[in-house]
Number of protein chains: 2
Amino acid sequence: MLRLSTKCQYGVRAMFEIAKGYNSGPVTIKEISEKQDVSVAYLEQILNQLRKAGIIKSVKGPGGGYILDKEPGSISIGAILRELEGPVAITSCLDPKEGCIRVEGCVTHLLWKSLGEKIEAFLDNMTLQDLINGSESRGEQLITITRKGKRIRK
Amino acid sequence: MLRLSTKCQYGVRAMFEIAKGYNSGPVTIKEISEKQDVSVAYLEQILNQLRKAGIIKSVKGPGGGYILDKEPGSISIGAILRELEGPVAITSCLDPKEGCIRVEGCVTHLLWKSLGEKIEAFLDNMTLQDLINGSESRGEQLITITRKGKRIRK
DNA sequence: AAAATAGTCTACTAATTCTGTCAAGTATTA
DNA sequence: TAATACTTGACAGAATTAGTAGACTATTTT
Ligand code: FES
Ligand code: FES
């Protein structure tokens with residue numbers, strides 16, 4: 001129930017690899033493909049979309065690859081997912097592009113809206129830097145950060 | 001992104017109608033269909049599944065229909081959704097029936113797990129009674145309840 | 001200049017999941 | 001026994017997902 005597409009999952013994992021190389025130059029699709037077990041062809045599609053959105057830059061030719069446009073701490077997971085699949089919208093009623101005539105008087109609308117907001121807040125408050133920190137400390141820090149929920153959404 | 005199926009949405013709305021009739025006898029599929037704009041045939045499928053799960057009971061023959069098995073305050077939205085579509089599993093890696101060989105060392109696994117737990121806690125803490133209260137006060141109470149998040153999950 | 005590296009872009013398709021419909025039942029009550 | 005209402009399983013069209021393929025452009029190295 002409530003599955004996240006593989007596209008989004010792969011996108012975040014690819015962004016993590018690029019983020020790791022933030023201080024050491026561009027990361028190639030091939031490297032990402034090998035480290036994250038995702039086909040080069042599929043990654044091309046995903047990264048292209050993220051590049052057009054402006055959250056990564058690309059460098060062509062030998063020695064090229066992808067680089068983050070901002071520091072890892074300034075790119076949230078929510079931002080990545082939104083670029084790949086639009087805003088969080090648990091139901092079509094909540095999607096700005098779709099909407100619903102039943103909204104007023106609908107008993108469940110506020111329920112889904114409220115849940116959607118919680119999810120979005122969570123995703124917007126988590127950054128690539130958190131993933132990097134988490135991977136260094138075997139995930140313990142990630143858990144701490146999310147449980148305490150101290151940081152404020154930008 | 002992260003859509004909830006119409007089946008789940010209709011399921012909750014149908015359960016709401018049945019919950020409203022908790023003190024006034026069985027509610028028929030036809031009534032639910034009319035009030036919630038969902039086809040009788042589709043509701044049959046959905047309600048049957050919920051009946052088999054034991055969260056509603058059915059009464060056959062004239063005057064029959066569906067009744068809640070417990071009071072509205074004891075049936076959480078999470079329980080309804082789980083019966084219809086299995087546990088919350090943002091990724092297949094988190095699904096007990098699927099799993100993933102990459103779990104150890106996967107940088108995003110804890111992220112999705114953590115998000116899934118938050119979603120589940122939200123859904124398990126919200127009951128049909130909350131929906132009823134919300135519909136009576138035009139949703140204001142629902143918002144208050146969710147924002148404060150005081151209640152404890154059973 | 002040529003070769004090698006690396007990203008860009010568009011189209012297409014196979015598979016899966018979703019969203020239902022349909023028809024032929026069974027059980028209960030008036 | 002007629003009417004009401006739930007029960008069950010099969011099926012199908014539509015939409016989405018998940019990916020592949022191939023031809024192209026840009027940059028650097030030799
Ligand atoms: S059905 Fe669209 S808002 Fe509830
Ligand atoms: S890819 Fe399965 S746990 Fe991360």
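In what follows, chains carry the letters A, B, and so on, assigned in the order in which the sequence lines appear, proteins first and then strands, with residues in each chain numbered from 1.
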Original post:
Under the ring pair (Phe, Tyr, Trp, His ring centres under 6.0 Å) rule, what pairs show up with a residue in residues 55-90 of chain B, not counting sequence neighbours?
Top reply: none

Original post:
Heavy atoms under 4.0 Å, any strand shown: does B:K52 hit a base, just sugar-phosphate, or nothing?
Top reply: sugar-phosphate

Subject >> side chain to side chain contact (heavy atoms under 4.5 Å, CB included) against B:E104, all qualifying residues, sequence neighbours excluded >> reply: none

Subject >> B:T91: side chain to side chain contact (heavy atoms under 4.5 Å, CB included) partners, not counting sequence neighbours >> reply: A:Q9, B:C93, B:L94, B:W112

**OP:** Go through the structure and list residues passing ring pair (Phe, Tyr, Trp, His ring centres under 6.0 Å) with B:Y22, not counting sequence neighbours.
**Re:** none

Original post:
B:I46 has an atom CD1; how far is it from atom C1' of D:dC6, in whole Å?
Top reply: 15 Å

With a 3.5 Å cut-off and sequence neighbours excluded, list the donor-acceptor pairs that the side chains of residues 30-40 of chain A form with protein atoms.
unit_1: A:E31; atom_1: OE1; unit_2: A:T28; atom_2: N; d: 3.1
unit_1: A:E31; atom_1: OE1; unit_2: A:T28; atom_2: OG1; d: 3.4
unit_1: A:S33; atom_1: OG; unit_2: A:V38; atom_2: O; d: 2.7
unit_1: A:Q36; atom_1: OE1; unit_2: A:R13; atom_2: NE; d: 2.8
unit_1: A:Q36; atom_1: OE1; unit_2: B:R102; atom_2: NH2; d: 3.4
unit_1: A:Q36; atom_1: NE2; unit_2: A:E17; atom_2: OE2; d: 2.8
unit_1: A:D37; atom_1: OD2; unit_2: B:R102; atom_2: NE; d: 3.0
unit_1: A:S39; atom_1: OG; unit_2: A:Y42; atom_2: N; d: 3.1

**OP:** Can you sort out the partners of A:R51 under salt bridge (charged side-chain N to carboxylate O under 4.0 Å, His left out), two or more places apart, ordered by chain and number?
**Re:** none

Subject >> All salt bridge (charged side-chain N to carboxylate O under 4.0 Å, His left out) counterparts of A:K57, not counting sequence neighbours >> reply: A:D69

Subject >> Donor-acceptor pair between B:N48 and B:E44 side chains, under 3.5 angstrom >> reply: no

Original post:
By side chain to side chain donor-acceptor pair (under 3.5 Å), which residues pair with B:K7, not counting sequence neighbours?
Top reply: B:Q49

**OP:** Considering only Ile, Leu, Val, Met, Phe, Trp and Tyr, and joining two whenever side-chain heavy atoms are under 4.5 Å apart, list the other residues clustered with B:I101.
**Re:** none

Original post:
If only side-chain N and O atoms of B:R51 are considered, is one of them under 4.0 Å from the OP1 or OP2 phosphate oxygen of D:dT8?
Top reply: yes

**OP:** Determine, for nucleotides 16-30 of chain D in 5'-to-3' order, which nucleotides have protein heavy atoms under 4.0 Å from the base (write B), from only the sugar-phosphate (write S), or from neither (write -).
**Re:** --BBB-B--BSBB--

Original post:
On DNA chain C, which is the earliest and which the latest nucleotide, 5' to 3', with an atom closer than 4.0 Å to a heavy atom of chain A?
Top reply: C:dT5 to C:dA11

Subject >> Strand-adjacent residues in residues 15-30 of chain A, judged by heavy atoms under 4.0 Å from DNA chain D >> reply: none

